[in-house]
Participant: 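I'd like to ask some things about the structure below.
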Amino acid sequence: MITYEYPLVERIRTLLRLEDLFDRAQFFAARTEAAEHHAALLTLFEVLDVAGRADLKSDLLQELERQKQVMFSFRANPEIDQQVLAGVVRDIEQAHSGLHKTIGKIGQHLRENDWLMAIKQRTGIPGGACEFDLPSYHHWLNREPEARLADLSTWLGPMLPIRDGAALVLKLLRESGKPARLTAPQGTFQQMLGGRTAQMVRIRVPRAADCVPEISANRYALNIRYVTAGAEPRPRTVERDIDFELTFCNL
């Protein structure tokens with residue numbers, strides 16, 4: 001099964017982007033080649049841009065606190081595994097504490113590094129990070145992998161509380177809904193929301209279906225059109241029934 005997630009509110013869209021960027025940055029940072037560390041640094045610059053929203057930290061703190069109170073309300077429920085509940089509350093408290101200890105604007109330590117900001121400015125230009133443009137960066141890329149790894153860890157480390165907070169909110173969001181098995185006749189599906197509120201929809205499609213869902217939604221309806229996969233110049237709607245799973249997620 002392939003899972004497709006479609007955010008219905010801007011806040012969740014931002015968290016999904018951060019999740020993807022942090023995963024990519026850490027993937028490349030854990031490698032040893034200079035080209036991989038270059039990719040890690042470029043991704044870290046993207047994290048800086050996405051996380052630059054002034055209210056991101058406060059939004060995450062408020063949401064974690066709200067989820068903590070929701071979990072507390074389940075303590076008297078005999079159908080809830082109290083050990084699991086205690087573990088979730090502990091994770092929320094740890095993520096909240098890490099965010100609360102973060103001082104200043106997210107990524108401020110990167111913005112105050114003139115050397116990094118010069119690289120960021122040049123990498124915004126196609127081919128702008130060539131050795132004749134940035135000789136000091138070329139020198140850094142030719143250092144020992146261990147030295148580059150240490151620098152990347154120093155630059156990435158202060159931003160990990162944001163990663164952890166976002167990851168926990170998304171985990172709770174994903175676990176909030178129940179999947180329903182549905183069919184899209186002739187590759188199209190529409191469902192009226194009827195007042196239902198959701199922050200994200202998740203769609204799971206069998207790999208063998210070999211198609212991709214194109215999703216659009218508003219407060220009234222959800223529309224899904226399954227189109228041909230691959231590198232076709234003009235994807236077209238598949239002309240067969242597609243079985244899939246649909247989950248509405250809401251915190």
Participant: Out of curiosity, L44 CG to Q26 CD, how far, rounded to the nearest 0.5 Å?
Facilitator: 10.5 Å
Participant: Mind listing the closest non-hydrogen atom pair of A221 and M192 along with its distance?
Facilitator: CB-SD, 3.8 Å
Participant: Between M200 and R174, which heavy-atom pair has the shortest distance, and what is it?
Facilitator: CE-CG, 3.9 Å
Participant: Counting only heavy atoms not in E10, do more than 12 fall under 6.0 Å of its CD?
Facilitator: yes
Participant: Heavy-atom count around Q83 CD within 6.0 Å, excluding the residue itself: above 12?
Facilitator: no
Participant: Mind listing the closest non-hydrogen atom pair of K57 and I103 along with its distance?
Facilitator: NZ-N, 4.5 Å
Participant: Using every non-hydrogen atom in the two residues, find where F248 and L222 come nearest and quote the distance to one decimal.
Facilitator: CZ-CD2, 3.9 Å
Participant: What is the minimum heavy-atom distance between I203 and I224, and which atoms define it?
Facilitator: CD1-CD1, 3.3 Å
Participant: Looking only at non-hydrogen atoms, find the nearest pair between R225 and R236 and report the distance.
Facilitator: NH1-C, 4.4 Å
Participant: Would you call D151 and R143 a salt bridge, taking side-chain N to carboxylate O under 4.0 Å as the test?
Facilitator: yes
Participant: Starting from the C-alpha separation in whole Å, work towards a yes-or-no answer on salt bridge (Lys or Arg N to Asp or Glu O under 4.0 Å) for E63 and R66.
Facilitator: CA-CA 5 Å; E63 185 58 48; R66 192 174 74 83; 2.9 Å; yes
Participant: Using the ring of each side chain (for Trp, its six-membered ring), is H38 parallel, tilted or perpendicular to Y137, with breaks at 30° and 60°?
Facilitator: tilted
Participant: Is the CD atom of Q69 crowded by more than 12 outside heavy atoms at less than 6.0 Å?
Facilitator: yes
Participant: According to a 4.5 Å side-chain heavy-atom criterion applied to Ile, Leu, Val, Met, Phe, Trp and Tyr, with indirect links allowed, do L18 and L60 form part of one hydrophobic cluster?
Facilitator: yes
Participant: Here's one to test your reading of the geometry: is the NZ or CZ of R24 within 45 degrees of the ring axis of F28 and under 6.0 Å from its centre?
Facilitator: no
Participant: Tell me every residue that passes side-chain hydrogen bond (donor to acceptor under 3.5 Å, both in side chains) with E131, counting only those two or more places apart in sequence or in another chain.
Facilitator: none
Participant: Could you note down all residue pairs passing side chain to side chain donor-acceptor pair (under 3.5 Å) where residues 114-129 supplies at least one of them, sequence neighbours left out?
Facilitator: D49-K120, W115-S136, R122-D133
Participant: Check for me, please, whether L172 and L8 land in the same ILVMFWY cluster - side-chain distances under 4.5 Å, paths through other members count.
Facilitator: no
